[in-house]
Amino acid sequence: MSTIDPAQAELFSGMAAEWWDRKGSSALLHKVNPVRMQFIRREVAAHFGRDTMVPGWLDGMSCLDVGCGGGILTECLARLGGHVTGIDAAEASIDVAIVHGAGQGLDIDYRLAATDVLVNEGASFDIVTCMEVVEHVSDVPMFLASLTALLKPGGLLVFSTPNRTAMSYGVMIVGAEWILRTLPRGTHDWDRFLTPEEMRRALNRAGLELGHVEGIALDPARGFALSDDMRVNYIGAATRRNED
Amino acid sequence: MDTKTDAILIGGGLVGMVTALALAAFGVRTVVIDAADLEATVAPDFDGRATAIASASWRMFRALGLSDRLTESANPINEIRVTEGLRRAHLHFDGREADGDPLGHMVENRHLRRALIDAGQAESLIDIRAPARTSEIDRAEHGVTVTLDNGDTVRAPLLIGADGRRSRIRDAAGIRIARWQYDQTAIVGMIEHEKSHGDVAFELFYPAGPFAILPMRPGTRSAIVWTVEGDDAKAYLGLPPRALAAEIDKKIGGFLGQITIAATPSSYPLGFHHATAYTASRLALVGDAAHGIHPIAGQGLNMGLRDAAALAEVVGDAVGLGLDIGEAEVLERYSRWRGFDNVAVAASTDILNRFFGLPGKTMSRVRAFGLGAVERAGPLKQFFMSEARGASGDLPQLLRGERP
């Protein structure tokens with residue numbers, strides 16, 4: 001059964017055309033994307049013992065980007081040499097991702113699908129990424145269980161999601177959606193946000209062990225950066241439990 | 001033939017080739033395209049000038065393996081003495097006081113070009129196409145395609161304009177440029193002198209502009225950069241060598257002993273130009289294509305070298321994260337990083353020139369007082385020294401001498 005929330009998928013379809021407009025509603029995503037990639041690089045080095053200072057540090061690794069949207073992060077994984085699959089619930093987003101990826105000359109397998117479809121196919125990956133998705137799904141435990149099923153033994157999950165704090169309400173709902181309009185209004189439902197501790201427990205129940213977690217915060221001098229401050233948004237890595 | 005690469009760089013001159021080498025240090029591939037036959041640019045009569053490589057730039061040269069190619073030709077600047085004309089009160093910078101490194105190195109441009117071409121040819125990540133003319137440059141949504149007039153095409157996500165102050169790349173991108181001309185001309189030449197320069201650079205400020213004597217190899221040769229008012233250059237250059245030597249001698253005041261002209265001097269009108277933007281869609285400008293300044297403090301090329309170091313680091317970081325290196329979030333970082341620094345250097349150089357250009361005895365005393373005051377005030381002197389070294393501000397890795 002799919003964990004996709006139809007209303008949320010509809011919303012993202014509406015903004016699909018703007019995925020690659022860096023001045024439009026996706027501006028924040030483009031600014032945060034390098035920070036997410038920094039975290040992924042660090043975790044890939046730590047977890048797989050890869051030299052991530054060389055170009056093509058994902059060479060030969062299978063990657064799945066869940067909730068890939070227009071492919072902002074997905075394309076980075078492909079440029080680094082990964083064999084990448086991107087899935088999303090919004091048809092318009094997948095269409096944008098396919099066209100843009102082809103324009104960039106990247107070979108990415110984009111599919112309009114939910115995680116359960118891939119689970120049923122028996123697919124599994126070295127790396128599963130899932131950025132800002134958990135807070136949009138209808139059934140978190142079922143969704144996380146499907147991610148576990150999609151990880152190869154020894155695989156790595158990297159996710160990011162907003163925290164549920166007064167600060168995140170102020171920044172993401174009031175600030176980003178209402179005042180600055182850098183995100184369309186209604187993109188987020190604050191009540192669905194998970195705190196890092198809730199996330200850790202939820203991952204645990206899904207058979208995953210939470211590893212490093214870091215905040216993604218806005219530094220006035222440097223823009224977005226990895227930080228100890230997890231009040232607004234955080235990014236974490238997880239592996240299957242009882243594995244090392 | 002169709003080639004895919006990471007960056008296409010137009011202009012294989014000093015800054016262009018250093019940019020390509022700096023990118024290579026970060027594992028980034030570059031195709032360098034130049035309309036000139038690069039071998040012709042090292043002929044003695046192509047460019048008789050010499051360049052002061054500031055110590056931060058020299059650290060980058062070391063990190064890029066360029067300093068090894070220049071050991072025979074570079075002369076260290078261990079001290080800089082700044083005086084108001086031939087007055088005694090002066091500012092005195094000694095690199096050995098601070099960290100033992102020379103403040104800079106003097107190198108003839110032809111030696112610099114030779115070293116850069118050799119290093120570029122030896123680097124497997126650099127593909128030099130010269131002489132080669134571009135027939136079309138297409139900066140499209142997903143990438144840049146450059147067509148050469150032999151029909152070859154090169155494709156990359158990023159185009160770098162290193163094609164000098166009359167940059168066609170800049171003009172084609174519709175980037176405007178602010179410029180003004182000083183009513184001054186620099187006479188640039190080489191002199192032989194009886195006494196050794198002792199690895200000291202002298203900067204003598206006259207109302208018409210500064211007179212710089214820069215130490216070259218061997219110890220009895222110096223480059224001069226003599227700033228004169230607009231029309232005077234022609235008159236001076238029209239003099240027979242002996243008479244010209246006598247004029248130069250008057251300015252120097254005899255402390256280097258007997259002087260002869262080592263190479264026919266040439267003149268360069270002084271000006272200032274600054275592009276209104278360093279980047280456009282899938283385009284970054286470096287060096288003179290982006291900015292040029294009055295060479296009063298020898299900062300022009302060094303600013304370009306800092307562009308090279310910053311751009312390489314920004315692009316190198318982006319490649320490491322799998323980003324599209326021609327996109328705004330990458331180019332904006334370069335633009336922010338270099339824009340502020342270049343404007344600061346350009347403005348302070350302009351102020352310095354105006355300050356020393358003000359006529360009158362009173363101003364002259366004020367300046368002499370000012371130089372003495374700076375000399376006595378430690379922190380201010382430190383500031384000027386690190387500016388001269390090119391070591392102020394937020395330094396790119398290569399300028400700290402670190403190889404990625």
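Proteins get letters first, then strands, A, B, ... in listed order; numbering begins at 1 in each. Owing to the predicted nature of the structure, the values given are computational and were not obtained by experimental measurement.
Using a cutoff of 4.0 Å between basic side-chain nitrogens and carboxylate oxygens, B/E141 and B/R282 are not scored as salt-bridged. In summary, B/R129 and B/D127 engage in a salt bridge, as defined by a charged side-chain N under 4.0 Å from a carboxylate O. Taking a cutoff of 4.0 Å between a charged side-chain nitrogen and a carboxylate oxygen, B/R133 and B/D149 do not qualify as a salt bridge.
Looking at A/L226 and A/R42, their side chains come closer than 4.5 Å, going by heavy atoms from C-beta outward. Counting heavy atoms from C-beta on, the side chains of A/F193 and A/N163 never come closer than 4.5 Å.
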Worked verdict on A/F159 versus A/V128 for side chain to side chain contact (heavy atoms under 4.5 Å, CB included): CA-CA 8 Å; A/F159 67 90; A/V128 174; over 6 Å; no
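If you tally non-hydrogen atom pairs under 4.5 Å between each of A/H100, A/Q38, A/R36 and chain B, the highest count goes to A/H100.
Under the 30°/60° scheme for interplanar angles, the aromatic rings of B/H274 and B/Y278 are found to lie parallel.
Close approach to chain A, defined as a heavy atom under 4.5 Å from one of its heavy atoms, is seen in B/G322, B/L323, B/D324, B/E327, B/A328, B/E329 of residues 322-334 of chain B, taken by number.
Looking at A/P55, only its side chain comes within 4.5 Å of chain B, counting heavy atoms on both sides.
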